[in-house]
Peer 1: 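I am attaching a structure below and will ask some questions about it afterwards.
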Amino acid sequence: MEDNRAGWGTLALTAVPAAVWGSTYAVTQLWLPPGRPLFAATLRALPVGLLMLLWLRRLPRGDWWWRSLVLGSLNIGFFYALLFFAAYRLPSGLGATLVATAPMVTMAVAWIVIGDRPARISLAASVVGLFGVGLLVLQNGLDRPLDVLGLAAGLLAVVLSSCGFVLTKKWTPPVDVVTATAWQLVAGGAVLVPIALLVEGAPPALDLPAVGALAYLGLAGSGLAYVLWFRGLRILGPTAASIIGLVNPVVGVLLGVALLGESFGAVHLVAMVLIVGSVLAAQEPVRDWAASVRRPRPARARASTREQVRVRVET
């Protein structure tokens, strides 16, 4: 069973990547060249990975050449390609909600691969969060014909990244989290280069908004986000971290409303309350705080308090 004990700071930092990733769908639809998911995925991963690698000047050794390739392909390369494919074909809110099925998938993979049996509270929280996700899917996805290919790409992205997260926990890198992230970004981007050239041809011309969007997705959505995410995976474990990932659809829906004019109603609000509540309920610091609030004070402490009050009154 995972050790989910961590401080509030770790929870907050691990939520940052999920929030940033929730913006991918709106940014893609607003500013990136249409119909180029492989190109977008490659530029989101490879340039920032190479910059980090040039700065760190540390290459993998031994088994970590092929392990970095496997992890980079699952966590970043194929995940990004499928994610952008879904982002081009689905509403922002619906695309983000598909990624929120990750906790259930991650728990199953972690149980099978590394024997991490999920705690009952984590399982319950993920079910509640998944129910909230289902509400968002119904609300956002049924007002127009569902794109089957977009849905399939989003779900496959979840499965591959869940496998990658669990393997990241199983194969603890022998280096700091920034170096391990650089290895994976370069490997994931390099895998996509020949595929992108073969399928999509030469890179398209980019205007200034597209350059800015790719810079944001690369620096914030890849470099910073994955450093924080892999740090959270090491401390929290894949199940607890994946439940924090439920922040993703909340941000995706809100940005879809604010930037793309997507609808928002009472069902969205209920779904978000369920999702955020499930994220909080699954985290150890939140449960410890709730228990401390409910826990009665010892009789000696209560007597001392009454004595202090009596003395103040008498004086």
Side-chain angles (χ1 to χ4, degrees), residues 20-50 72-101 136-137 140-161 185-223 225-226 248-249 251-253 255-263:
V20 172
W21 293 334
S23 67
T24 299
Y25 313 93
V27 170
T28 298
Q29 294 181 30
L30 282 171
W31 295 300
L32 293 189
R36 304 300 293 267
L38 292 172
F39 168 78
T42 303
L43 284 192
R44 180 176 176 177
L46 191 56
V48 67
L50 288 173
S73 299
L74 293 174
N75 288 330
I76 295 168
F78 297 145
F79 173 68
Y80 276 179
L82 292 166
L83 191 67
F84 276 113
F85 185 83
Y88 278 115
R89 304 176 74 98
L90 299 174
S92 174
L94 177 55
T97 55
L98 289 177
V99 179
T101 60
L136 289 177
V137 169
N140 284 343
L142 297 184
D143 58 350
R144 69 178 74 175
L146 291 178
D147 189 304
V148 177
L149 289 178
L151 288 171
L155 291 173
L156 183 56
V158 168
V159 172
L160 293 182
S161 63
L185 285 169
V186 172
V191 165
L192 292 178
V193 170
I195 303 174
L197 291 174
L198 181 64
V199 175
E200 296 180 354
L206 297 177
D207 57 16
L208 189 59
V211 172
L214 286 170
Y216 163 75
L217 291 173
L219 296 174
S222 292
Y226 269 106
N248 184 308
V251 174
V253 168
L255 288 179
V257 172
L259 300 179
L260 302 176
E262 296 177 2
S263 61

Peer 1: For the residue pair A40 and L32, what are the closest heavy atoms and their distance?
Peer 2: CB-CD1, 3.9 Å

Peer 1: To the closest 0.5 Å, what do you measure between CD (E200) and CG (L192)?
Peer 2: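 Result: 9.5 Å between the selected atoms.
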
Peer 1: Between N75 and F79, is any pair of side-chain heavy atoms under 4.5 Å apart?
Peer 2: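 N75 does not reach F79 side chain to side chain.
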
Peer 1: Could you tell me whether the side chain of F85 reaches within less than 4.5 Å of the side chain of L149, counting heavy atoms only?
Peer 2: yes

Peer 1: Which atom pairs, one a donor and one an acceptor, fall under 3.5 Å between side chains of residues 150-158 and the rest of the protein, sequence neighbours left out?
Peer 2:
none

Peer 1: Quick one: are the ring centres of W21 and Y226 less than 6.0 Å apart?
Peer 2: yes

Peer 1: To the nearest 0.5 angstrom, please state how far the CG atom of L46 sits from the OG1 atom of T42.
Peer 2: 7.5 Å

Peer 1: Check whether R44 reaches the backbone of S222 with its side chain - one donor and one acceptor, N or O, closer than 3.5 Å.
Peer 2: no

Peer 1: For residues 203-218, dump all side-chain donor-acceptor pairs below 3.5 Å to protein atoms at least two apart in sequence or in another chain.
Peer 2:
from: D207; atom 1: OD1; to: A210; atom 2: N; distance (Å): 2.9
from: Y216; atom 1: OH; to: S23; atom 2: OG; distance (Å): 2.7

Peer 1: So, do R36 and L43 sit near enough that their side-chain heavy atoms are less than 4.5 Å apart?
Peer 2: no

Peer 1: Nearest 0.5 Å please: distance from the CD1 atom of I76 over to the CG atom of L160.
Peer 2: 13.0 Å

Peer 1: Check P194 against A190 and note the closest heavy-atom contact, atom names and distance.
Peer 2: CD-O, 3.3 Å

Peer 1: How close do A26 and L259 get, heavy atom to heavy atom, and via which atoms?
Peer 2: CB-CD1, 4.2 Å

Peer 1: Looking only at heavy atoms, what is the nearest atom pair of A81 and L38, with distance?
Peer 2: CB-CD2, 3.6 Å

Peer 1: Would you check, one step at a time, whether the test side-chain contact (heavy atoms from CB on, under 4.5 Å) holds for F78 with V191?
Peer 2: CA-CA 8 Å; F78 297 145; V191 165; 3.7 Å; yes

Peer 1: Measuring from atom CG of D147 to atom OH of Y88, what distance do you get when rounded to the nearest 0.5 angstrom?
Peer 2: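 That separation rounds to 14.5 Å.
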
